[in-house]
Protein chains: 2
Amino acid sequence: MEERKKQVLNAIIKDYIANAEPVGSRAVAKKYGLGVSPATIRNEMSDLEEEGYIEQPHTSAGRIPSAKGYRYFVDHLMERERLTSAQLKAVRQAMRGEVSEMEEFMRSCCNMISQLTHYTALVAMPEQGRGTLENIQLVPVSDHQVLVVLLASTGIIRHKLIELPMEVKSDDLAYIEQKMRQHLCGKEIKAISYEMLRDMLADYQIREKMAEQALELIEQTLTKETAHKIFTGGVMNMLSQPEFRDIDKLKSMFALIEEDDKLEKLLNSADSDRLTVTIGGEMPVEGVEDCSMVVANYFVNGEKAGSIGVLGPTRLNYGRTVSMMEFIASELSRVMSDKDDKNNKNK
Amino acid sequence: MEERKKQVLNAIIKDYIANAEPVGSRAVAKKYGLGVSPATIRNEMSDLEEEGYIEQPHTSAGRIPSAKGYRYFVDHLMERERLTSAQLKAVRQAMRGEVSEMEEFMRSCCNMISQLTHYTALVAMPEQGRGTLENIQLVPVSDHQVLVVLLASTGIIRHKLIELPMEVKSDDLAYIEQKMRQHLCGKEIKAISYEMLRDMLADYQIREKMAEQALELIEQTLTKETAHKIFTGGVMNMLSQPEFRDIDKLKSMFALIEEDDKLEKLLNSADSDRLTVTIGGEMPVEGVEDCSMVVANYFVNGEKAGSIGVLGPTRLNYGRTVSMMEFIASELSRVMSDKDDKNNKNK
DNA sequence: GATAGCACTCTCCCTCATCGAGTGCTAACA
DNA sequence: TGTTAGCACTCGATGAGGGAGAGTGCTATC
């Protein structure tokens with residue numbers, strides 16, 4: 001694409017992102033010193049429209065970027081925005097939280113992201129398959145109830161009260177606990193299988209039923225339930241976006257955000273290692289055609305651990321948001337890797 | 001108030017609740033067979049307006065109920081609506097959940113309420129001061145970290161990872177755990193004080209610092225943090241209410257719902273033992289003048305344990321909502337009292 | 001190739017007239 | 001005295017008409 005056309009496209013997109021209103025040739029010529037007259041800009045714009053980068057809401061309005069236009073912008077024109085010291089500080093502040101309480105930590109990250117970006121934040125917990133089972137604790141609650149507490153090396157802590165079909169004496173419980181620890185602690189979580197636990201307990205001939213339930217819990221809580229847990233924050237930020245002044249649009253978008261599996265699909269659609277920008281129709285689920293998404297992954301000791309993302313209108317401030325997400329993801333990776341190292345050293 | 005005037009007021013309110021549009025004299029005369037002409041109704045309406053029960057948005061519109069009108073309606077005219085068998089079933093279904101996992105249970109109640117009423121549900125966890133500390137467990141995580149797990153007789157389970165300022169050997173930990181159990185289990189939670197724990201540990205001369213942190217945790221998690229935890233559900237239901245078609249109204253209302261302390265104030269404003277209906281301006285916080293609230297308390301063995309409520313527009317379907325909330329609260333009381341009994345028997 | 005000029009298009013906004021729902025008042029009626 | 005029919009009146013909603021203004025596309029000119 002010729003240099004001037006790029007500049008015109010750049011100007012249109014920047015202006016539209018800032019003001020949410022169609023941009024005319026005059027405005028481009030005036031505000032973004034290209035040194036040519038509006039008429040010249042008009043010719044360029046006409047070309048850009050023909051090529052599908054911009055469109056006209058109606059004949060006598062200015063132009064707005066199309067999805068293709070945003071895509072070109074993100075790929076070729078966009079400049080990262082330097083974060084202000086206040087923003088850097090806010091990120092680092094949120095990272096100071098206790099990483100060991102993973103859920104709490106993720107929640108606060110989520111809030112920080114939404115406050116910083118003014119969009120809706122999506123944060124996926126670190127993948128649970130990763131890491132090892134650190135500790136397992138069985139706490140007697142009553143004759144028929146046992147509280148199972150699980151600790152994973154990733155910092156996830158889970159508890160669940162399980163009802164037992166028979167009475168279990170606390171001596172037995174201690175024995176089972178010990179056996180479970182011997183066999184399971186230090187194992188990769190994804191390697192722990194139903195069969196494995198059953199076999200182990202078959203050897204010892206104790207309390208098969210309970211073992212089954214306990215294992216079910218391990219699988220459920222450490223893999224299924226929480227593996228896919230996605231925190232959302234700043235959903236209400238959407239209310240301030242002019243593109244969502246329409247209640248029906250809001251409704252369909254909020255409905256989507258409440259569906260965990262769709263959110264997951266959204267976040268996981270960006271599974272490349274690098275930061276990913278998804279624009280409008282590129283989204284893998286229905287109902288967010290007016291939205292764009294920026295997703296960054298975070299890594300623990302070089303291995304992908306999870307994703308963070310923001311969802312906003314296609315008129316997203318890509319430059320700013322991309323910078324922020326990159327920085328946040330790198331900080332997150334750093335903090336969580338530190339934590340991981342410390343964990344490994346402690347053992 | 002004369003009988004016919006009551007009937008007119010009743011008709012106006014019922015109609016407005018159903019259709020969200022000003023009600024004219026003709027509509028009242030026609031749909032609600034009072035056997036008199038619109039002109040007669042007009043006279044009654046004129047009186048009702050003078051007395052402040054209804055108002056006119058503008059001269060040539062019908063009448064809408066005022067807050068005073070709703071109040072009279074709720075106090076004198078409203079008929080409870082019988083729940084359908086499907087509704088009864090839905091409530092009982094939600095109650096079948098595992099009560100022992102209190103938070104999960106409350107969350108599901110919250111969802112059930114919002115789905116059933118189509119309004120926003122507010123559910124306050126059982127008060128934490130109530131009940132006793134059942135068990136306390138210290139799980140070593142690393143040299144400097146201990147996971148403290150607390151069980152309360154009310155079914156609340158809490159865990160928290162605490163960082164220790166010094167290394168603690170697992171033998172020491174076991175000892176501390178034992179001492180804590182001896183001294184704290186079975187005690188009323190609200191009776192456990194900072195001083196109490198400190199004194200106890202001063203006797204044994206061990207690990208004061210850790211004790212302090214542990215106690216802080218007990219206080220924090222069992223009283224402060226969760227005592228005031230309020231679940232919300234169905235916030236998005238508000239989007240379907242015509243009175244919230246205005247984005248700004250939505251914004252201010254959502255902002256309020258995100259403030260936990262204001263929510264608490266709302267729920268607690270109805271501290272009488274009976275079910276309470278709060279209408280518009282009667283609300284104890286700013287920004288919900290267009291809303292009404294129905295709050296019911298639930299009881300465990302005769303003692304008030306917590307509250308459930310719904311928040312909707314003043315044009316709330318009071319008859320239906322009141323019936324529902326009464327039924328749900330009574331079921332909740334029953335289920336939780338059962339659980340309590342079972343707990344006490346197990347010991 | 002760039003630009004100035006100009007006719008053209010379309011939205012936005014204002015005004016005006018009409019329509020209809022609903023009222024309040026008055027006079028008549030039971 | 002309470003009820004009703006009739007009627008004039010009010011006021012919002014709706015839609016047509018008419019600038020004003022923004023922005024375009026086209027053409028002729030530099």
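A, B, ... follow the sequence lines: proteins, then strands. Residue 1 opens every chain. Side chains included, hydrogens not; waters and symmetry mates left out as well; all remaining heavy atoms used.
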Novice: Under 6.0 Å from the CD atom of A:Glu259, do we count more than 12 heavy atoms belonging to anything else shown?
Specialist: yes
Novice: Please verify the inter-ring angle class for B:Phe254 with A:Phe254; under 30° counts as parallel, over 60° as perpendicular, anything in between as tilted.
Specialist: perpendicular
Novice: Check B:Glu286 with B:Lys262, please: is the shortest side-chain N to carboxylate O separation under 4.0 Å?
Specialist: no
Novice: Salt bridge (Lys or Arg N to Asp or Glu O under 4.0 Å), that's the test. Do A:Lys68 and A:Glu51 meet it? Break it down for me.
Specialist: CA-CA 9 Å; A:Lys68 187 177 172 188; A:Glu51 292 158 42; over 6 Å; no
Novice: Could you check which residues of residues 49-61 of chain B get a heavy atom under 4.0 Å from DNA chain C? Sort them by number, please.
Specialist: B:Gln56, B:Thr59, B:Ser60, B:Ala61
Novice: Do B:Lys265 and B:Asp261 sit within salt-bridge range, that is, some charged N less than 4.0 Å from a carboxylate O?
Specialist: no
Novice: Is the number of heavy atoms from other residues, nucleotides or ligands under 6.0 Å of A:Arg26 CZ greater than 12?
Specialist: no
Novice: Of all the choices, D:dT3, D:dT4, C:dG24, which nucleotide is nearest to the side chain of B:Ser46 once you look at every atom?
Specialist: C:dG24
Novice: Apply the salt bridge (charged side-chain N to carboxylate O under 4.0 Å, His left out) test between A:Arg63 and each candidate in A:Glu55, A:Glu21, A:Glu44, A:Glu49; give the one that qualifies.
Specialist: A:Glu49
Novice: Measure the acute angle between the ring planes of A:Tyr72 and A:Tyr53, then classify it against the limits of 30° and 60° as parallel, tilted or perpendicular.
Specialist: perpendicular
Novice: Taking only side-chain nitrogens and oxygens of B:Arg63, does any of them come within less than 4.0 Å of OP1 or OP2 of C:dG22?
Specialist: no
Novice: Atom CD of B:Glu2 and atom C1' of D:dT1: how far apart are they, to the nearest Å?
Specialist: 14 Å
Novice: Please state how far atom CE in B:Met45 lies from atom P in D:dT4, giving the value in whole angstrom units.
Specialist: 15 Å
Novice: Rounded to whole angstroms, how far apart are CG on B:Asn43 and P on D:dG2?
Specialist: 11 Å
Novice: How many angstroms lie between atom SG of B:Cys291 and atom CG of B:Leu266, to the nearest 0.5 angstrom?
Specialist: 9.0 Å
Novice: Quick one, which residues of residues 10-27 of chain A touch DNA chain D with a heavy atom under 4.0 Å?
Specialist: A:Gly24, A:Ser25
Novice: Listing time: all N or O pairs from protein to nucleotides 6-8 of chain D that are below 3.5 Å?
Specialist:
from: D:dG6; atom 1: O6; to: B:Arg42; atom 2: NH2; distance (Å): 3.4

Novice: Rounded to the nearest Å, what distance is computed from the CG atom of residue A:Asp47 to the C1' atom of nucleotide D:dG25?
Specialist: 13 Å
Novice: From CD1 of B:Ile41 over to C1' of C:dA21, roughly how many Å is that when rounded to an integer?
Specialist: 17 Å
Novice: Whole angstroms only, please: what is the CG-C1' distance between A:Leu34 and C:dG1?
Specialist: 16 Å
Novice: Between A:Asn297 and A:Ser307, do the side chains contain an N or O donor and an N or O acceptor separated by less than 3.5 Å?
Specialist: yes
